[in-house]
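These notes concern the structure reproduced below.
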Number of protein chains: 4
Amino acid sequence: MADRFHSISPIDYRYWDEEIARYLSEGAFIQYKLQVEFALIQTLAQLELCPPGVEKEVAQAITEITPDEVFEEEGKVKHDIRALVNCIRKRVSDKAKPFVHMTATSCDISDTANAARFREATMHVLVPRLLELQKVLIAIALREADSVQIGRTHGQHAVPITFGFAIGEYVARLGESIKKLQELADHLPGKFAGAVGAYNASSLLIDDPEEFEKEVLFRLKLRPASHSTQIVVPEPMMRLLSEVGIVGGVMANLSRDMRHLQRTEISEVEEEFSEEQVGSSTMPHKRNPIAFENIESLWKVLVGRLSTVYFDQVSEHQRDLTGSASQRTYGEIIGYASYMTKRLKETMEKLCINHENLKRNLELSKGAVLAEPLYILLAHFGYPDAHEKVRQLALKAKQEDKPLSEVVEQDEEIRPYLEKMTSEQRNIISHPAAYTGLAAQKARKVAEYWKNALGL
Amino acid sequence: MADRFHSISPIDYRYWDEEIARYLSEGAFIQYKLQVEFALIQTLAQLELCPPGVEKEVAQAITEITPDEVFEEEGKVKHDIRALVNCIRKRVSDKAKPFVHMTATSCDISDTANAARFREATMHVLVPRLLELQKVLIAIALREADSVQIGRTHGQHAVPITFGFAIGEYVARLGESIKKLQELADHLPGKFAGAVGAYNASSLLIDDPEEFEKEVLFRLKLRPASHSTQIVVPEPMMRLLSEVGIVGGVMANLSRDMRHLQRTEISEVEEEFSEEQVGSSTMPHKRNPIAFENIESLWKVLVGRLSTVYFDQVSEHQRDLTGSASQRTYGEIIGYASYMTKRLKETMEKLCINHENLKRNLELSKGAVLAEPLYILLAHFGYPDAHEKVRQLALKAKQEDKPLSEVVEQDEEIRPYLEKMTSEQRNIISHPAAYTGLAAQKARKVAEYWKNALGL
Amino acid sequence: MADRFHSISPIDYRYWDEEIARYLSEGAFIQYKLQVEFALIQTLAQLELCPPGVEKEVAQAITEITPDEVFEEEGKVKHDIRALVNCIRKRVSDKAKPFVHMTATSCDISDTANAARFREATMHVLVPRLLELQKVLIAIALREADSVQIGRTHGQHAVPITFGFAIGEYVARLGESIKKLQELADHLPGKFAGAVGAYNASSLLIDDPEEFEKEVLFRLKLRPASHSTQIVVPEPMMRLLSEVGIVGGVMANLSRDMRHLQRTEISEVEEEFSEEQVGSSTMPHKRNPIAFENIESLWKVLVGRLSTVYFDQVSEHQRDLTGSASQRTYGEIIGYASYMTKRLKETMEKLCINHENLKRNLELSKGAVLAEPLYILLAHFGYPDAHEKVRQLALKAKQEDKPLSEVVEQDEEIRPYLEKMTSEQRNIISHPAAYTGLAAQKARKVAEYWKNALGL
Amino acid sequence: MADRFHSISPIDYRYWDEEIARYLSEGAFIQYKLQVEFALIQTLAQLELCPPGVEKEVAQAITEITPDEVFEEEGKVKHDIRALVNCIRKRVSDKAKPFVHMTATSCDISDTANAARFREATMHVLVPRLLELQKVLIAIALREADSVQIGRTHGQHAVPITFGFAIGEYVARLGESIKKLQELADHLPGKFAGAVGAYNASSLLIDDPEEFEKEVLFRLKLRPASHSTQIVVPEPMMRLLSEVGIVGGVMANLSRDMRHLQRTEISEVEEEFSEEQVGSSTMPHKRNPIAFENIESLWKVLVGRLSTVYFDQVSEHQRDLTGSASQRTYGEIIGYASYMTKRLKETMEKLCINHENLKRNLELSKGAVLAEPLYILLAHFGYPDAHEKVRQLALKAKQEDKPLSEVVEQDEEIRPYLEKMTSEQRNIISHPAAYTGLAAQKARKVAEYWKNALGL
């Protein structure tokens with residue numbers, strides 16, 4: 001392949017970035033596998049199971065090996081790990097040769113390398129980006145804690161909230177997911193238990209093969225699972241990738257909300273639009289929520305991938321290889337999620353909020369949204385069938401195109417109940433902006449909680 | 001519908017059971033919703049927000065309400081929760097009426113009822129059944145800890161393990177999943193935060209609406225999420241259902257292994273077959289692994305359902321209803337998993353293990369499986385290119401149809417290395433049954449660990 | 001199970017209907033299987049392969065058999081088809097007994113019964129309902145062919161269309177899908193090829209077993225596949241169910257559009273709301289697009305199910321049973337789709353279109369939507385960089401909150417080009433309602449085409 | 001990106017090939033879009049809607065444009081099609097400029113380019129490869145039409161078939177799918193209907209915009225859909241990609257069968273293994289079915305992708321962009337399928353069939369597989385409860401470890417019925433190899449049919 005334009009997957013041209021590739025490219029995978037082979041040698045050296053000098057030889061060898069060379073060798077032996085091992089072996093002395101890959105099965109190397117790189121891609125790329133996004137959301141939640149907005153259920157005006165409260169929802173959901181991702185990435189197990197997981201080979205030479213496994217993995221910041229076959233148990237990786245899908249869904253939901261708030265008729269927010277940017281190749285006036293749409297679109301990519309992950313769970317007996325090719329696509333899941341996060345952060349950072357339109361929309365339904373407090377207070381003051389009564393009044397207001405409060409005032413039956421209300425209560429039932437409950441307070445509380453919990 | 005044969009879903013005739021229906025049927029859902037309405041009244045009473053006697057009236061009312069009645073009312077008002085509320089209200093005094101459902105939005109009731117019943121279905125049906133299954137598996141792992149079996153990778157003979165070790169894998173995977181299920185079910189949040197999650201309505205009447213929410217939920221053994229909209233955040237339920245899918249995959253994997261071990265040519269295990277049972281309507285000799293096949297089949301049902309769950313995550317603004325109908329199918333996920341567990345437990349309990357065939361198969365490949373220890377030991381004793389050497393010998397043995405050990409003995413080049421080996425090592429490279437590494441030990445360790453960890 | 005409230009799946013209480021159950025319930029399945037057994041006997045009789053009288057005996061027997069009886073027998077023999085056969089056999093004379101199920105394997109019966117009932121459920125329920133829906137859409141497309149509406153891309157005002165044109169899109173998409181469903185349902189193959197598909201058993205007794213197979217299937221309005229194993233090839237069913245998913249997506253797309261057009265700020269359409277209907281248990285003013293939301297929700301159920309269908313495609317060798325339990329859920333796919341269709345038809349039939357708001361929204365963006373024709377005409381009359389010029393003007397109009405046409409008129413540079421335009425062209429660039437292209441014409445054309453093509 | 005090892009998706013390093021990239025890479029996409037822009041100019045020229053010479057200018061321009069240049073321009077204008085248009089425009093005279101992209105909306109270009117390249121990738125890569133595979137399978141079916149093999153259901157020995165018959169199944173399934181792929185690829189619609197599908201822009205300048213659309217598309221071997229919005233209707237692409245998933249499933253099923261037949265205990269087939277090939281990095285004796293496993297694995301990738309395709313179906317109003325990023329991954333579906341096909345063809349071509357083991361396995365169950373013909377013939381000759389009788393005899397044979405025929409001969413009750421049988425019938429019930437029904441005949445028939453139908 002000559003350049004990126006020969007790529008078929010958009011993760012390799014349009015959504016590719018250096019930082020992700022450092023962990024998740026094929027080249028990176030080869031590097032990680034070399035590190036695992038080296039951790040094995042180091043452990044053998046430490047336990048004096050190999051002669052002095054071998055460690056140094058291997059350390060040197062792995063710096064020299066290129067992906068090209070490994071692929072070329074694989075072309076011959078048709079086995080990726082054996083190819084890698086051959087590349088090391090041909091660089092070291094005959095004395096050192098037998099210790100390269102000693103007692104290891106291929107999956108000891110590749111599953112462990114995968115655990116290491118998925119752990120680090122999550123901890124060093126995805127999570128840091130999510131924290132950056134979280135910072136932006138927290139700032140909005142705090143800044144807009146008091147900006148009254150009509151709450152919407154079913155796309156219909158419900159009762160008021162504040163914009164900060166709406167963002168607070170995402171702060172809370174994202175916060176939980178970040179915590180889960182950290183835990184799950186940190187618990188991806190590696191393995192060094194041999195061809196069927198029973199330490200058959202290492203038992204030949206090593207007194208405590210389980211302890212040996214721990215040592216090798218410790219050098220890679222990993223731990224063993226409590227039981228392995230030829231492969232590491234799939235569930236920890238499944239849980240991590242599921243959570244990546246989940247955090248993608250949280251971002252998609254926020255994006256969905258934002259792009260609807262950008263609808264021409266609503267116009268409460270707008271993606272920043274640069275001077276030179278073109279909205280449409282034929283409609284010069286267009287301003288489209290393309291970043292939000294992009295994020296929602298990539299979420300659908302993530303979820304589709306999870307089907308594959310779930311169907312890969314079953315591996316026959318001590319393993320079959322029917323999950324091997326498909327597993328090679330797992331890095332894309334973290335790659336797409338990292339891209340989405342970065343893009344969403346940049347978009348939210350520059351989000352324009354139109355406070356005038358927030359207000360305009362709040363007033364649009366002429367106080368119909370006050371039907372709820374009215375019904376609650378009527379009920380509280382003893383009106384027997386308050387919900388039905390208010391439903392009738394709201395209907396009437398709608399039919400006569402009048403503010404609800406006007407219809408209410410003209411209703412004889414209700415008057416005595418209005419008189420029982422405090423002035424604050426009476427204020428609420430005629431001023432939508434006053435009926436926001438704990439919205440502002442909750443926006444601040446959630447923002448502060450996650451600021452602390454995540455050390456932002 | 002007159003009887004179960006009018007059912008379209010197999011969960012309602014073939015795989016239905018009383019115990020699951022107690023939590024997950026439509027009737028059960030209505031009961032749970034009534035319990036939530038009652039918890040609200042109890043809390044109002046405790047805080048003296050409703051007059052004495054109301055609690056008792058409502059307590060009585062909810063015992064009388066039938067699903068039929070609620071559905072009939074829904075037919076009129078086209079709203080399931082309003083229908084429920086009407087059914088309560090028409091049974092209580094005018095004095096009590098206003099307090100029924102006071103400040104609640106529909107989802108306060110239904111999302112909370114769902115959290116409660118999914119929590120209980122998991123804790124009282126699925127997890128107990130999984131523990132029963134786990135007990136059976138632990139018993140097999142211990143009993144068969146020393147029964148040598150050939151390990152298989154890619155369907156090919158690899159190196160030996162023991163049958164108990166193979167089952168130990170599932171003990172470990174199941175154990176982890178049970179623990180996760182317990183945690184996740186125990187953390188399903190409820191909510192009582194009103195129409196858009198900002199406690200708008202409850203703020204009108206109650207000093208500390210968040211505290212009030214906690215009280216109501218506490219009565220149902222639930223806690224609030226840190227932020228709600230009209231609905232509870234979807235992620236905790238997604239995580240629970242994902243884990244149900246995962247535990248289904250663990251069972252499917254075990255079933256897949258078992259049914260292949262039952263292949264005519266392998267015959268290491270057999271599902272118990274009752275006296276009168278028919279294997280095929282046309283082939284009177286057939287003994288099919290139908291329980292294992294059934295479990296694998298239902299796993300595919302589970303995983304398909306997860307796609308729906310993941311796509312339901314996005315709900316617009318303070319909620320839309322596009323997840324409502326699909327959510328009604330979530331109970332089936334726990335229902336199918338519970339059925340699978342019960343069936344797998346019964347099947348494993350009566351599993352016939354054919355020890356003769358274990359032995360026969362182990363010896364089938366004439367010691368070719370000893371290529372690994374041979375290569376490791378040769379390498380250990382300094383043979384420079386041991387893997388390639390042994391690959392050649394194995395090829396030769398295969399071509400000449402001889403035991404590998406015979407070919408090895410006749411090889412001049414290798415002899416000096418053989419002489420360096422201990423007698424134990426020499427024993428291993430000619431006796432497959434001796435080359436099981438830590439298999440037996442690990443089977444016991446894993447079994448004992450999970451016995452304790454799960455209190456079995 | 002005592003009543004429908006013990007059901008776990010909503011397809012068996014909330015979305016169940018008699019008409020669907022006639023084909024897709026467990027009881028119906030048993031009836032279909034009996035019909036297949038009878039078609040076998042009829043064919044044997046016709047070929048004089050069984051004595052006179054047997055046909056009559058079996059005809060009588062199958063009228064008497066109840067699902068309950070079959071399930072009870074299955075409880076004993078653990079085999080659904082053998083149970084069915086036993087129920088027939090015990091009702092007929094010893095002379096007739098051997099001919100019941102003669103040469104058939106279980107899947108000859110059950111796969112053929114499935115083909116027959118899925119074919120008929122599609123042809124007699126789903127397709128007729130889709131045609132009813134199509135009629136309603138065609139009527140709207142014709143009636144509203146000239147009702148100008150702003151076209152929307154990315155939720156932003158684009159250029160104008162008509163409401164009839166927007167509905168025309170769905171007429172076209174639905175029309176194609178109906179045709180496909182008819183074809184696919186009509187080509188579901190049955191089979192009568194025995195235990196492994198090689199006609200082993202029937203070859204023992206019958207001269208031309210392939211001809212025999214055709215005869216049996218012909219009685220059920222089916223044809224054989226060109227090759228079977230124990231089971232019918234899965235692809236024809238997969239294609240049918242995929243198309244059911246696709247038609248569900250067309251309905252979901254229409255529903256999504258409609259519910260957004262019902263947003264408070266847009267209000268171009270409204271689901272009919274009955275007198276007594278309640279929109280929210282706490283917000284008496286709410287009018288929610290619940291039918292549209294329901295349909296979108298059930299679409300997500302459909303798509304999740306397709307994952308299962310696709311993963312069921314692989315059956316080992318001449319078949320395994322890992323698709324058996326999951327296949328029992330396929331009827332639900334047609335069931336849900338049929339429910340969705342009925343509901344969507346009822347909803348569209350009563351849809352309220354608010355023509356005033358169509359007009360209000362069209363005028364909302366002050367002619368910005370005319371940027372496109374302006375740019376096209378400028379380009380046509382030779383303005384070199386028309387798109388960029390108009391982009392600048394549109395930006396200016398937006399910033400100064402003026403109609404685009406006003407900004408245009410004041411632009412010196414453009415004036416000479418305006419003068420070259422015809423009066424019709426000039427009219428278009430200042431009147432959004434005139435810039436609808438072929439919208440009206442296309443609405444009529446599509447409606448008429450499908451009216452004829454489907455014989456409506 | 002410097003080289004392929006920076007790629008994250010395996011489709012861009014491990015499974016990439018030149019031939020696929022010619023249609024499905026990003027570079028290819030840009031080329032196709034340029035072709036569409038050119039087809040527009042050609043059509044304008046033909047209708048004399050642009051001055052002489054413009055066609056030539058544009059023809060020259062598009063040969064010069066590189067993907068790099070387009071991406072750089074997109075970096076500025078943030079719009080992929082506008083970037084492309086700018087790259088053309090800056091190369092042509094002021095006279096020509098206005099005609100570039102005239103009346104087109106971006107999706108007229110990109111959706112049409114996608115239709116063209118997906119059509120050609122299917123017709124020029126995937127289908128030809130499938131035909132190559134089909135040839136190989138047909139050859140095996142014919143060559144092995146008479147090689148008796150035990151049929152297997154549920155992994156258990158059922159009744160005999162022939163190896164050619166087993167392969168014939170895949171010839172039939174593959175044949176149907178190839179035909180569907182050809183039809184579906186050939187019907188992918190393009191569009192040239194403008195920003196919302198109503199030909200608003202083209203109506204300004206062109207008398208019959210629908211005819212104009214047809215002309216443009218005709219140059220690209222495409223046709224319009226009967227109705228478009230801003231985008232082409234999604235269903236034709238969904239149907240094509242679904243069928244690609246289906247053909248992948250057929251290949252996965254064949255691969256699954258083959259890899260199980262390669263199990264050590266069965267060994268009826270073996271993937272060819274090259275001289276230098278290594279089976280395992282630690283077990284020198286291993287011969288793994290890695291190609292079959294790889295194909296099954298990639299099938300799981302395909303099916304996961306279909307979830308995304310199905311969820312992309314819904315696009316709001318005249319389109320939103322939430323399917324845009326995800327659609328960029330669709331090419332991978334065809335790419336993976338093409339890779340799978342090539343690999344499967346190469347593997348099947350060199351498949352080693354072990355006829356001795358076919359025979360050994362056939363005899364393994366000591367004639368138990370003859371229970372079926374025995375029961376059928378007993379029934380035929382009037383034995384009243386033949387199935388139950390034979391079930392008992394088979395059980396007895398198994399318990400006593402005797403050939404079924406031996407137990408049968410010793411049974412007094414049966415003797416009179418045996419005497420009624422023809423010698424051929426008696427032969428069958430003691431010789432499994434004789435009981436293959438139409439297997440051989442059917443293998444040939446299916447092979448010949450598809451040879452003709454596909455012109456092979």
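Order of the sequence lines fixes the chain letters, A, B, ..., with proteins taken first and strands second; residue numbering starts at 1 for each chain.
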Legend entry - Engaged part of Gln262(C) at the chain A interface, taking heavy atoms whose separation is under 4.5 Å: both

Inset, instruction - Please check if the side chain of Glu265(A) supplies one atom and the backbone of Leu364(C) the other of a donor-acceptor pair under 3.5 Å. - result: no

Inset, instruction - Take atom CD of Glu400(C) as the centre, draw a 6.0 Å sphere, and report whether it contains more than 12 heavy atoms from other residues, nucleotides or ligands. - result: yes

Legend entry - Heavy atoms from other residues, nucleotides or ligands near NE2 of His355(A) exceed 12 (cutoff 6.0 Å): yes

By a 4.5 Å heavy-atom criterion (distance strictly below it), what part of [X] contacts chain C: side chain, backbone, both, or neither?
{"X": "Arg152(A)", "result": "side chain"}
{"X": "Ala371(A)", "result": "both"}
{"X": "Lys389(A)", "result": "neither"}
{"X": "Leu395(A)", "result": "both"}
{"X": "Ser267(A)", "result": "neither"}
{"X": "Glu293(A)", "result": "side chain"}

Legend entry - Residue among Phe311(C), Tyr375(C), Phe292(C) with most heavy-atom pairs under 4.5 Å to chain A: Phe311(C)

Legend entry - Top of Leu404(C), Leu393(C), Ile150(C), Val369(C) for chain A proximity - count of heavy-atom pairs under 4.5 angstrom: Val369(C)

Legend entry - Which atom of Thr153(C) lies closest to which atom of Asn288(A), heavy atoms considered: O-OD1, 4.1 Å

Legend entry - Contact summary for Ile266(C) and Arg263(A), nearest pair of heavy atoms: CD1-NH1, 3.7 Å

Among [options], who wins on heavy-atom pairs under 4.5 Å with chain C?
{"options": "Ser307(A), Ala158(A), Ala397(A)", "answer": "Ala158(A)"}
{"options": "Ser365(A), Ala394(A), Pro373(A), Ala368(A)", "answer": "Ala368(A)"}
{"options": "Glu372(A), Arg287(A), His154(A)", "answer": "His154(A)"}

